[in-house]
Visitor: 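Quick one: the structure is below, questions incoming.
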Amino acid sequence: MYISRAYHITASCHNAKGMRRLGSFLDSTETFYDKLLKSCDLLASLKQIHSSLTSSGLINQAPHLGAQIIIKYTKYGEPKNARSLFNNIHNDKPNSFLWNTMIRAYANNGHCFETLELYSLMRRSDISLNTYTFPFVLKACASESLILEGKVVHGDVIRTGFHSDVYVEAALVDMYSKCGQTNDGRQVFDEMSIRDLVSWTAMITAYEQAERPKEALILFQKMQQEGLLADSVTIVSVASAVGQLGGATKAQAVHGYAICNAFLEDLSVGNSIIAMYAKCGNVEQARMFFGAMRAKDLISWNSMLSGYVQNGQASEALLLFEEMKDSECKPNPVTALILVSACAYLGSRELGRKFHDFVIGGNIKIDATLWNALMDMYAKCGDLDTAESMFNDIHPSERNVSSWNILISGYGMHGHGQKALEFFTRMQEKGIKPDHITFTSILSACSHGGLIDEGRKCFADMSKLSVKPEVKHYACIVDMLGRAGSLYEAFDMIRQMPLLPNDSVWGALLLACRIHGNTELGEIAANNLFQLEPEHAGYYVLMSNIYAASNKWQEVGRLRQDMKNKGLKKPAAFSVIELGKEIHGFHTADQVNTHWKEVYRKVEILAAEIKMAGYVPDLSCTLHDVEDEDKEQMLYYHSEKLAVAYGIMKTDPEIAIRVTKNLRVCNDCHSAFKFISYIYRRKIIIRDANRFHHFEGGTCSCKDYW
DNA sequence: TTAGGGTTAG
C-alpha cells in the first residue's frame with residue numbers, strides 16, 4: 001500500500017507543495033519500515049521488507065534501514081544475503097557506517113574470517129576507518145585467537161590515531177587476553193589515560209581467564225580504591241577468581257557483596273556464585289544457594305552438576321540430573337560432558353553406556369570434546385577396546401592431542417605400559433606434538449607398568465621436544481623411581497629439581513618410603529608435608545604406617561596425638577562394587593551394609609582358603625599396636641576385601657568383579673586378591689585413585705606393588 | 001544520524 005501511495009505522490013510532484021508532501025511521506029515511510037524491521041523476527045517477512053525497500057529505491061536513501069536488514073540476515077544465518085545487500089546499496093558518498101555494520105554483523109555471528117576479509121578491503125578502499133570499526137574487528141581476532149592479525153589491527157589503531165578511544169582500548173585489552181597475551185593487554189591497560197568500569201573489568205577478567213586470580217583480585221581492590229563501583233559483570237569475574245583461589249571467607253564476602261548490590265537479579269551472577277562455592281570445596285553451600293534460586297537456567301544446572309563432580313560427589317551429580325529431567329531445562333552437550341565424566345569418575349561402564357545411549361537418543365550433538373570425553377569414560381571404566389575403536393573412528397586429520405592422550409593415559413592406568421609407549425611413539429610419527437598432559441600420562445604409565453628405563457628416557461625426551469618439566473612431572477618420576485625402590489635417586493631428583501617441590505612430590509617419596517620401609521627418608525618427606533599441608537590426615541597416616549611397620553609405637557602414638565590435637569581424622573576408606581545395575585558400597589569394618597554379617601563370614605572363609613595356598617597376611621598394613629591375631633582380623637574387614645567377597649557371593653564365576661576404592665589399595669589386599677583370583681579363577685579389577693589393578697590367575701597387571 | 005568495549009557451565 002505504501003509503495004503504491006509513493007508512486008502516486010511522486011507522480012504529482014511537479015511543484016513545491018508536491019515536493020513537501022513527498023518529503024514528509026518519505027519520513028513517515030522510513031519510520032514505518034523502521035518499526036516494521038524492529039518487530040520483524042521471521043526470515044520470510046525480512047525478505048519481503050527487503051524486496052519492498054529495493055523496489056521503492058528507499059534502500060539507497062536510508063542506510064540505517066539497510067543496516068538493520070544486514071544485521072538480521074546475518075543473525076538468521078543468511079550472511080550471504082546480508083553481503084549481497086551490502087554490495088548492492090549505492091550511496092552517493094562513501095559510507096563508513098554501512099561498512100562497520102557489515103563488519104559488526106560478521107563479527108557478532110562468528111564469521112571471523114569474513115570480518116577480517118572485509119576489514120582488509122576497507123583498509124585498501126577510500127572508506128575511512130573510525131572508532132566503531134576497531135572493536136568489531138578486534139572481537140573477531142579475539143574469538144579465534146588470531147594474535148598476528150590482532151597485532152596488525154593494533155598497528156592500524158595507532159597509525160589512524162584512535163588509540164586513545166576508551167572503547168578501542170578495552171577491545172584491545174580483551175583481544176590480547178583472549179589470545180593468551182595477558183601482559184600485553186596489561187600494557188595497553190596501563191597506558192590508558194582514562195579507565196572506565198568496562199576497561200577495569202576487561203583487565204580483571206583477563207587475569208581470571210589466565211588463571212592468575214591473585215592479580216585479578218588485587219586489580220579489583222585497586223579499582224575500588226579509585227572510586228569505581230563494580231557492576232554485575234565485574235562480580236562474575238571476581239567470583240570466578242575467588243573460585244580459583246579458594247577460601248571460604250572471600251567467597252562469603254563476594255556473595256554478600258552481590259546481595260547488598262542486588263546483583264543476584266542477574267542470573268549470570270547467581271551461576272558464578274554456584275561455581276565459586278563449588279570450586280572452593282564448599283559444595284553444600286553451593287547446593288543451598290542453587291536450591292534457593294528463584295529462577296534457574298541451563299547454566300545453573302550445569303554449574304551445580306559440575307560442582308558435584310569436581311568435588312568427587314559423582315553420585316550426587318547423577319541424582320541431581322534426575323531432578324533436572326523434571327525441570328524446564330533440557331540437557332545440552334555440556335550437561336552430557338559433565339555426566340559422562342561423572343561416570344568415568346565412578347568407573348561405572350554400565351552407567352557410562354547408559355549416558356552414551358542417552359546422548360544418542362536425545363539428539364545431543366557429539367562434538368570432538370564430547371567424543372573424547374566418551375572415549376575417556378570407556379578407557380577409565382576399563383573398556384579399552386571400545387575406547388580404541390572410538391579412537392579409530394575419528395578421521396586421522398581430526399585426532400587431536402587429547403584423543404592421543406586419552407588412549408595413552410587409559411592404557412597406562414590399566415598397567416599396559418608397553419601399549420601406552422606404542423601410542424606415544426605413533427603419535428609422534430603422525431606429527432602430533434606431545435604436550436604436558438601426554439608426559440604426565442606416559443610417565444605415570446611407565447611407573448604403573450614398572451618400565452623404569454623407558455620412564456627415564458621419556459623424562460629426558462621432554463627437553464628435546466621443548467616441553468618444560470613441571471612439578472607434576474617431577475612427582476611422576478619420583479613416584480616411579482620410588483616405587484621401584486630407587487629411593488635415594490628419587491630423593492636426589494627432588495633436591496636437584498629447579499622448581500619448588502610441592503605436596504605431590506614429597507607425597508610420592510613418602511609413599512615409596514612406606515612401600516620400602518625407609519624411616520629416615522620417610523621422616524624428611526613427612527616433615528616437608530606437615531609444613532606444606534598441615535591439615536592433610538593422609539600423610540600422618542602414611543608416616544604412622546612407616547613407624548608401625550618398624551614397631552616404633554611411641555612415634556605412632558605421637559603422630560596420632562598430633563592428629564587428635566589438630567582435629568584430623570583418618571580419611572574413611574570406601575569401596576564400591578557394581579553388580580549389573582546395582583551399586584553396593586562398603587566402609588572398612590562395615591556394620592551398616594545390610595549384608596555385612598554374611599560378607600564377614602565369606603571374608604573369613606576366603607582368608608582361610610588363601611592361607612592354605614600360601615597367602616601370608618601383611619600385618620604392617622594395620623596401624624594398631626595390638627596382638628598380631630587381632631591385626632590379622634582387622635585386615636579381613638578392609639573395605640575392598642568386603643566388596644570383593646560380596647562380588648564372589650553374588651556374581652556368576654565368568655563375570656569380572658569390578659571394585660572402585662577411594663584410597664589406594666593396601667598391600668595386603670593386593671596380595672590377597674592375587675590368591676583369590678587364582679583359587680576362584682576369577683577376574684578381579686580394582687580401581688584406586690587413578691590406577692587399575694587387573695588380577696587374573698594369581699597375578700596382577702601392575703608392576704608397582706611390592 | 002544510525003553503530004562500539006567487559007560476564008557464567010565445558
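Numbers restart at 1 for each chain; the letters A, B, ... are given by sequence-line order, proteins then strands. The figures here come from the full heavy-atom set of this structure, side chains too, leaving out hydrogens, waters and symmetry mates.
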Visitor: Which nucleotide wins on minimum distance to the side chain of A:D196, given the candidates B:dG5, B:dG4, B:dT2?
Guide: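 Nearest to the side-chain atoms of A:D196, counting from C-beta on, is B:dG5.
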Visitor: Closest approach to the side chain of A:K178, judged atom by atom: which nucleotide of B:dT8, B:dT1, B:dG6 is it?
Guide: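 Output: B:dG6.
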Visitor: For A:I274 and B:dA9, give me the distance from atom CD1 to atom C1', rounded to whole Å.
Guide: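 One finds 9 Å between C1' of B:dA9 and CD1 of A:I274, rounded.
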Visitor: Does the structure place the NZ or CZ of A:R399 under 6.0 Å from the centre of the six-membered ring of A:F391, at an angle of no more than 45° from the ring's axis?
Guide: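 Here A:R399 passes the 6.0 Å and 45° test against A:F391.
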Visitor: Look at A:D357 together with A:K354 and state whether they make a salt bridge at an N to O cut-off of under 4.0 Å.
Guide: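 Here A:D357 does not pair with A:K354 in a salt bridge, since their nearest N and O are not under 4.0 Å apart.
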Visitor: Heavy atoms from C-beta onward define the side chain here; which of B:dG4, B:dG6, B:dT8 lies closest to that of A:S240?
Guide: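 It is B:dT8.
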Visitor: Using a 4.0 Å heavy-atom cut-off, does A:I235 contact any base of the nucleic acid, only the sugar-phosphate backbone, or nothing at all?
Guide: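 No contact.
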Visitor: Assess the pair A:H50 and A:Y73: is the distance between their ring centroids shorter than 6.0 Å?
Guide: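 When the ring centroids of A:H50 and A:Y73 are compared, they turn out to be within the sub-6.0 Å range.
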Visitor: Out of B:dG10, B:dG6, B:dG5, which nucleotide sits closest to the side chain of A:S199?
Guide: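 Looking only at side-chain atoms, A:S199 lies closest to B:dG5.
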Visitor: In whole angstroms, how far is the P atom of B:dT8 from the CG atom of A:L298?
Guide: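 My rounded result for the distance is 15 Å.
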Visitor: Regarding A:F136, tell me which of base, sugar-phosphate or nothing describes its non-hydrogen contacts under 4.0 Å with the strands shown.
Guide: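 Touches sugar-phosphate only.
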Visitor: For A:Y207 and A:F220, run ring-ring contact (aromatic ring centres under 6.0 Å, His included): C-alpha distance rounded to whole Å, both residues' side-chain angles, the deciding distance at 0.1 Å, then the answer.
Guide: CA-CA 11 Å; A:Y207 280 127; A:F220 175 53; over 10 Å; no
Visitor: Checking only heavy atoms, does the side chain of A:S268 share a donor-acceptor pair with the base of B:dT8 at less than 3.5 Å?
Guide: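 Looking at the base of B:dT8, it does not pair with any donor or acceptor on the side chain of A:S268 (distance under 3.5 Å).
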Visitor: Is A:Y167 stacked on the base of B:dG5, meaning ring centres closer than 5.5 Å and planes within 30 degrees of each other?
Guide: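 Ring-base stacking flag not set for A:Y167 and B:dG5.
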Visitor: Rounded to whole angstrom units, what separation is found between the CE atom of A:M203 and the C1' atom of B:dG5?
Guide: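 It works out to 14 Å between those atoms.
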Visitor: Using a heavy-atom cut-off of under 4.0 Å over every strand shown, decide if A:T369 touches base, sugar-phosphate, or nothing.
Guide: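 No contact at all - A:T369 keeps every heavy atom at 4.0 Å or more from the nucleic acid.
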Visitor: Determine whether a donor-acceptor pair (one donor, one acceptor, N or O, separation below 3.5 Å) exists between the side chain of A:D165 and the base of B:dG4.
Guide: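 Side chain to base: pair present.
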Visitor: Answer yes or no: does a side-chain N or O of A:S306 lie under 4.0 Å from OP1 or OP2 of B:dG10?
Guide: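 So the side-chain polar atoms of A:S306 do come within 4.0 Å of the phosphate oxygens OP1 or OP2 of B:dG10, strictly under.
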Visitor: Could you check which of B:dG10, B:dG4, B:dA3 has an atom nearest any side-chain atom of A:L337?
Guide: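 The answer is B:dG10.
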Visitor: Among the candidates B:dG5, B:dT8, B:dA3, find the nucleotide nearest to the side-chain atoms of A:N100.
Guide: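 Shortest atom-to-atom distance from the side chain points to B:dA3.
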Visitor: If you look at every strand shown and take non-hydrogen atoms under 4.0 Å, does A:V166 touch a base, only sugar-phosphate, or nothing?
Guide: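 Since a base atom lies under 4.0 Å of A:V166, the category is base.
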Visitor: Return yes if the base of B:dG6 and the side-chain atoms of A:S237 contain a donor-acceptor N/O pair under 3.5 Å, otherwise no.
Guide: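 No such pair is found, so the answer is no.
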Visitor: Within this structure, what is the CG-to-C1' distance between A:D231 and B:dT8, rounded to whole angstrom?
Guide: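 Distance, rounded to whole Å: 14 Å.
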Visitor: Quick one: does NZ or CZ of A:R104 land under 6.0 Å from the six-membered ring centre of A:Y132, within 45 degrees of the ring axis?
Guide: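 No, A:R104 and A:Y132 do not form such a contact.
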Visitor: When we call it a touch if two heavy atoms are under 4.0 Å apart, what does A:S300 touch: a base, just sugar-phosphate, or nothing?
Guide: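 Answer is nothing: A:S300 stays at 4.0 Å or more from every strand.
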Visitor: Over how many whole Å does the gap from A:I194 atom CD1 to B:dG5 atom P extend?
Guide: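 In whole Å, B:dG5 P lies 19 Å from A:I194 CD1.
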Visitor: Looking only at side-chain atoms of A:A171, point me to the closest of B:dA9, B:dT8, B:dG5.
Guide: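 Of the options given, the side chain of A:A171 lies nearest B:dG5.
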Visitor: Rounded to the Å, how far apart are A:E30 CD and B:dT1 P?
Guide: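 After rounding, the gap between these two atoms is 6 Å.
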Visitor: CZ of A:F290 versus P of B:dT8: gap in Å, rounded?
Guide: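 Distance, rounded to whole Å: 19 Å.
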Visitor: Do NZ/NE/NH1/NH2 and the carboxylate oxygens of A:K380 and A:D376 come within less than 4.0 Å?
Guide: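 Looking at A:K380 and A:D376, the cut-off is met.
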Visitor: Have a look at A:T131 and say if it touches a base, only the backbone sugar-phosphate, or nothing, with a 4.0 Å heavy-atom cut-off.
Guide: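 Base, at least one base atom sits under 4.0 Å.
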Visitor: Touch check for A:D34, heavy atoms < 4.0 angstrom, all strands: base, sugar-phosphate only, or nothing?
Guide: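 It contacts nothing in the nucleic acid.
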Visitor: Given B:dT1, B:dG10, B:dG6, identify the nucleotide with an atom nearest to the side chain of A:H64.
Guide: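 Among B:dT1, B:dG10, B:dG6, the one nearest the side chain of A:H64 is B:dT1.
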Visitor: Quick test of your reading of the model: are A:E191 and A:R186 salt-bridged, counting only N-O distances below 4.0 Å?
Guide: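 Judged by the 4.0 Å cut-off on N to carboxylate O distance, A:E191 and A:R186 do not form a salt bridge.
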Visitor: Nearest whole Å is fine: how far is B:dT8 P from A:Q209 CD?
Guide: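 From A:Q209 CD to B:dT8 P: 5 Å.
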